[in-house]
Enquirer: 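Sharing a structure with you now.
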Amino acid sequence: SSRPRRRVNPGFQRQLELYEAMGCAVDTGSVLYKRYRLEMLSERLSEPQDLPREVFAVDPTTACQTVNTEVLYRCRKCRRALFRSSSVLSHTEGMGPTAFAHKRITDSARLSGNGQEKCTSYFIEPVQWMEPALLGVMEGQLLCPKCSWKLGSFSWRGDQCSCGRWVTPAFQIHKSRVDEVRTLPLGNFQIAKT
């Protein structure tokens, strides 16, 4: 009150809001925390040479095979496990193609949507199998580590989702390139549902 022109640092205020949103505890598994950590890392990177190990999610092929209620995502071509649902970083939907219409020459018919376009990709945290592709470059393709089929792309500067939202950084896997596998426990057996 003695210095009305002074304000709280916006970065610190954002951290306090994040802390409050996580229930006043640091939850490293929270989607909010993961997104914040990646955004802070992308702001500091000019060329990602040495990424901290804790940035990468565990590769589902190296994780223990326990009964888990998490959804597993596999390459549609070779069926290699790529990531789990805990690695998906959700975002609020944008305004559809009209959000970035100023960047493209498009016909008005495509831009006259009702703003309810759905996301056609998953934006995920980096997974261990991505590390060789991410080192030393700011953007590129994400290929299946087993069959080299194109799954999506990444950009530390960010990328546009089909819903119109700009996501930074973007590790984008196209939904049409992966299968969602849910494991349902049934007695002593497990049934994989695709």
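Model, not experiment: these values are computed from the prediction.
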Enquirer: Which residues satisfy the side chain to side chain donor-acceptor pair (under 3.5 Å) test with Thr120, sequence neighbours excluded?
Expert: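 Counting only residues at least two positions away or on another chain, Thr120 forms a side chain to side chain donor-acceptor pair (under 3.5 Å) with Ser162.
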Enquirer: Report yes if the side chains of Cys78 and Cys144 come closer than 4.5 Å at any heavy-atom pair, otherwise no.
Expert: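 Cys78 vs Cys144: side chains touch.
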Enquirer: Report whether Ile124 and Val178 are members of the same hydrophobic cluster (ILVMFWY, side-chain heavy atoms less than 4.5 Å apart, transitive linking).
Expert: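 Looking at the clustering, Val178 is in the same group as Ile124.
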Enquirer: Checking Arg177 side chain against Lys150 main chain: does a donor-acceptor pair fall under 3.5 Å?
Expert: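 Yes, the answer is positive, given that a donor and an acceptor are paired below the 3.5 Å cut-off.
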Enquirer: What is the minimum heavy-atom distance between Glu125 and Ser86, and which atoms define it?
Expert: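 Looking at all heavy atoms of both residues, the shortest contact is OE2-O, 3.9 Å.
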Enquirer: Side-chain contact test, heavy atoms from C-beta onward, threshold under 4.5 Å: evaluate it for Glu180 versus Tyr122 and give yes or no.
Expert: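 Yes, close enough: below the 4.5 Å cut-off.
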Enquirer: So does Asp179 pair up with Arg76, basic N to acidic O under 4.0 Å?
Expert: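 Result for this pair is yes, salt bridge flagged.
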Enquirer: How close do His91 and Cys161 get, counting heavy atoms only, and between which atoms?
Expert: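 Result for this residue pair: NE2-SG, 3.4 Å.
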Enquirer: Clusters formed by hydrophobic residues whose side-chain heavy atoms approach within less than 4.5 Å: which one holds Leu143, and what are its other members?
Expert: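 None; Leu143 is a cluster of one.
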Enquirer: What's the shortest heavy-atom distance between Leu134 and Pro126, and which atoms?
Expert: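 So the two residues come closest at CD1-CB, 3.9 Å.
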Enquirer: Is there a path from Trp156 to Ile173 through hydrophobic residues (I, L, V, M, F, W, Y) whose side chains come within less than 4.5 Å of each other?
Expert: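 Same hydrophobic cluster.
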Enquirer: For Arg79 and Arg74, work out which heavy atoms get closest and say how close.
Expert: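 Where Arg79 meets Arg74 most closely, the heavy atoms are O-NH1, 2.8 Å.
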Enquirer: Which distance, rounded to the nearest 0.5 Å, do you find between the CD of Glu139 and the CZ of Phe154?
Expert: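 Glu139 CD to Phe154 CZ: 8.0 Å, rounded to 0.5 Å.
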Enquirer: Would you tell me whether Ser153 and Gln141 have side-chain atoms, one donor and one acceptor, within less than 3.5 Å of each other?
Expert: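 No pair is found: no donor N or O on one side chain lies under 3.5 Å from an acceptor on the other.
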Enquirer: Compute the ring centroids of Phe123 and Phe171, then answer whether they are less than 6.0 Å apart.
Expert: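 Between Phe123 and Phe171, the centre distance exceeds or equals 6.0 Å.
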Enquirer: Spell out, as yes or no, whether a donor-acceptor pair under 3.5 Å connects the side chain of Trp129 to the backbone of Leu82.
Expert: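 Indeed, once roles are kept as given, a pair shorter than 3.5 Å links the two residues.
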Enquirer: Enter the distance from Ser90:OG to Arg165:CZ here, rounded to the nearest 0.5 Å.
Expert: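 Separation between the atoms: 11.5 Å.
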Enquirer: Within a strict 4.5 Å, meaning less than it, do heavy atoms of the Met138 and Arg157 side chains meet?
Expert: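 Sidechains of Arg157 and Met138: in contact.
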Enquirer: Of all heavy-atom pairs between Val88 and Tyr73, which one has the smallest distance, and what is that distance?
Expert: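 Where Val88 meets Tyr73 most closely, the heavy atoms are CG2-CE1, 4.3 Å.
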Enquirer: Distance from Met130 atom CE to Phe83 atom CZ, nearest 0.5 Å?
Expert: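 If I round to the nearest 0.5 Å, the distance is 7.5 Å.
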Enquirer: Going from CG on Leu142 to CD on Gln172, what distance comes out if it is rounded to the nearest 0.5 angstrom?
Expert: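 It comes to 9.0 Å.
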